[in-house]
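Reviewing the structure listed below.
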Amino acid sequence: MSKDRRSSLSAEESGAGGNLGGESLLKKGRWTSAEDAILTEYIKKHGEGNWNAVQRHSGLARCGKSCRLRWANHLRPNLRKGAFTPEEEQRIIELHARMGNRWARMAAELPGRTDNEIKNYWNTRINRMQRAGLPIYPADVCLRVLISSQESLDIGSLTNDFGQHDDVSQTRQF
DNA sequence: AAACGACACAACCGCAACGCG
DNA sequence: ACGCGTTGCGGTTGTGTCGTT
């Protein structure tokens with residue numbers, strides 16, 4: 001089912017002509033360092049945002065979506081690359097217990113980390129846990145989240161704040 | 001040394017939300 | 001109020017690497 005797609009994705013080194021065959025002239029697949037340089041240079045000059053304009057004016061054969069993703073996940077400054085620290089892992093588990101699959105929100109709580117990174121980490125972790133028959137959330141995390149969600153509920157009932165109601169429902173899962 | 005599976009990472013797709021004319 | 005283009009998010013898939021058999 002996916003063979004054709006696979007071959008088009010691995011066409012990176014065919015360079016600019018990589019996947020230009022279809023009705024669109026936009027390239028797909030892995031980014032080259034040359035493309036990275038063009039995108040970085042463009043954003044330095046014009047700033048972030050307006051991604052379709054990036055596509056039109058940068059000379060890149062990439063759709064705006066792809067440019068945005070590349071910038072957000074790899075090129076923007078202050079990105080933390082490398083493995084998650086134990087502290088970050090702990091934080092992710094807690095955040096997921098509270099928020100569920102709100103990757104972008106979780107990324108906002110972890111400076112320098114991207115939603116994609118967190119999502120990837122979580123998905124492989126989930127797979128591993130499920131295969132091992134282990135609980136997804138450690139007991140101490142369950143407890144801590146439960147406590148903090150109750151506190152926020154109390155606060156919410158006092159201040160009539162919006163609270164994190166779906167978070168509470170998430171905590172019911174375990 | 002080769003085959004295989006698990007894992008980590010990168011990127012695409014579809015959809016919903018948003019802003020603007 | 002509505003349509004349209006743009007953006008952001010979450011899910012999914014593809015690919016490379018590494019360890020195990």
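Below, chains carry the letters A, B, ... as their sequence lines are ordered, and counting in each starts from 1. Scope of the values below: all heavy atoms of this structure, side chains included, with no hydrogens, waters or symmetry mates.
OP1 or OP2 of B:dC13 sits under 4.0 Å from a side-chain N or O of A:Lys28. The phosphate of C:dC9 has neither OP1 nor OP2 within less than 4.0 Å of any side-chain N or O from A:Arg105. OP1 or OP2 of C:dG8 sits under 4.0 Å from a side-chain N or O of A:Trp51. For A:Trp122 and C:dG10, the shortest distance from a side-chain N or O to OP1 or OP2 is not below 4.0 Å. Checking the phosphate oxygens (OP1, OP2) of B:dA8, a side-chain nitrogen or oxygen of A:Thr124 falls inside 4.0 Å.
The interatomic distance linking A:Glu48 (CD) with C:dT6 (C1') rounds to 15 Å, in whole Å. Put simply, CG on A:Asp36 is 12 Å from C1' on B:dA10, counting in whole angstrom units. One can place CD1 of A:Ile118 at 13 Å from C1' of C:dG10, the figure rounded to the nearest angstrom. Rounded to whole angstrom, the span from the CG atom of A:Asp115 across to the P atom of B:dC12 amounts to 15 Å. As rounded to whole Å, 7 Å separates atom P of C:dG11 from atom CH2 of A:Trp103. In this structure, A:Arg113 atom CZ and B:dA8 atom P are separated by 13 Å, rounded to whole Å. We find that NZ of A:Lys119 is positioned 10 Å from C1' of B:dC12, with the value rounded to whole Å. What separates CG of A:Leu26 from C1' of B:dA11 is a distance of 14 Å, to the nearest Å.
For the salt bridge (charged side-chain N to carboxylate O under 4.0 Å, His left out) test, no residue two or more places apart in sequence or in another chain qualifies with A:Glu48. Listed by chain and number, the residues in a side chain to side chain donor-acceptor pair (under 3.5 Å) with A:Trp51 amount to none (sequence neighbours excluded). Checked against ring-ring contact (aromatic ring centres under 6.0 Å, His included), A:His46 has the following partners two or more places apart in sequence or in another chain: A:Tyr42. A:Glu109 is linked by a side chain to side chain donor-acceptor pair (under 3.5 Å) to A:Arg91, counting only residues two or more places apart in sequence or in another chain. Listed by chain and number, the residues in a side chain to side chain donor-acceptor pair (under 3.5 Å) with A:Asp36 are A:Arg70 (sequence neighbours excluded). Partners of A:Arg113 under the side chain to side chain donor-acceptor pair (under 3.5 Å) rule, at least two apart in sequence or in another chain, are A:Glu88, A:Glu117.
Counted within 6.0 Å of NZ on A:Lys81, heavy atoms from surrounding residues, nucleotides or ligands total more than 12; the atom is thus considered enclosed.
A:Arg56 comes within 4.0 angstrom of sugar-phosphate atoms only, judged by non-hydrogen atoms across all strands, and of no base. Among the heavy atoms of the strands lying under 4.0 Å from A:Asn116 is at least one base atom, whether or not backbone atoms are also near. Backbone-only contact: A:Arg62 has heavy atoms under 4.0 Å from sugar-phosphate atoms and none from a base. At the heavy-atom level, A:Asn120 lies under 4.0 Å from base atoms of the strands shown.
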For nucleotides 15-18 of chain B, give me every protein contact, N/O to N/O, under 3.5 Å, one pair per line with atom names.
from	atom 1	to	atom 2	distance (Å)
B:dC15	N4	A:Lys65	NZ	3.3

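Only at 4.0 angstrom or more do the heavy atoms of residues 69-95 of chain A sit from any atom of DNA chain C, so none qualifies.
In this structure, the nucleotide among C:dG10, B:dA8, C:dG14 sitting nearest to the side chain of A:Arg30 is C:dG14.
Using a 30° and 60° split on the angle between ring planes, A:Trp122 and A:Trp103 fall in the tilted class, from 30° to 60°.
Note on A:Ile43 and A:Ile38: same hydrophobic cluster, where clusters join Ile, Leu, Val, Met, Phe, Trp and Tyr whose side-chain heavy atoms are under 4.5 Å apart, directly or indirectly.
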Can I get a per-line list of side-chain donor-acceptor pairs under 3.5 Å for residues 58-66 of chain A, giving both atom names and the distance, sequence neighbours left out?
from	atom 1	to	atom 2	distance (Å)
A:Ser58	OG	A:Val54	O	2.6
A:Ser58	OG	A:Leu60	N	3.2
A:Arg62	NE	A:Glu35	OE2	3.1
A:Arg62	NH1	A:Lys27	O	3.4
A:Arg62	NH1	A:Gly29	O	2.9
A:Arg62	NH2	A:Gly29	O	3.3
A:Arg62	NH2	A:Arg30	O	2.9
A:Arg62	NH2	A:Glu35	OE1	3.1
A:Ser66	OG	A:Trp31	NE1	3.2

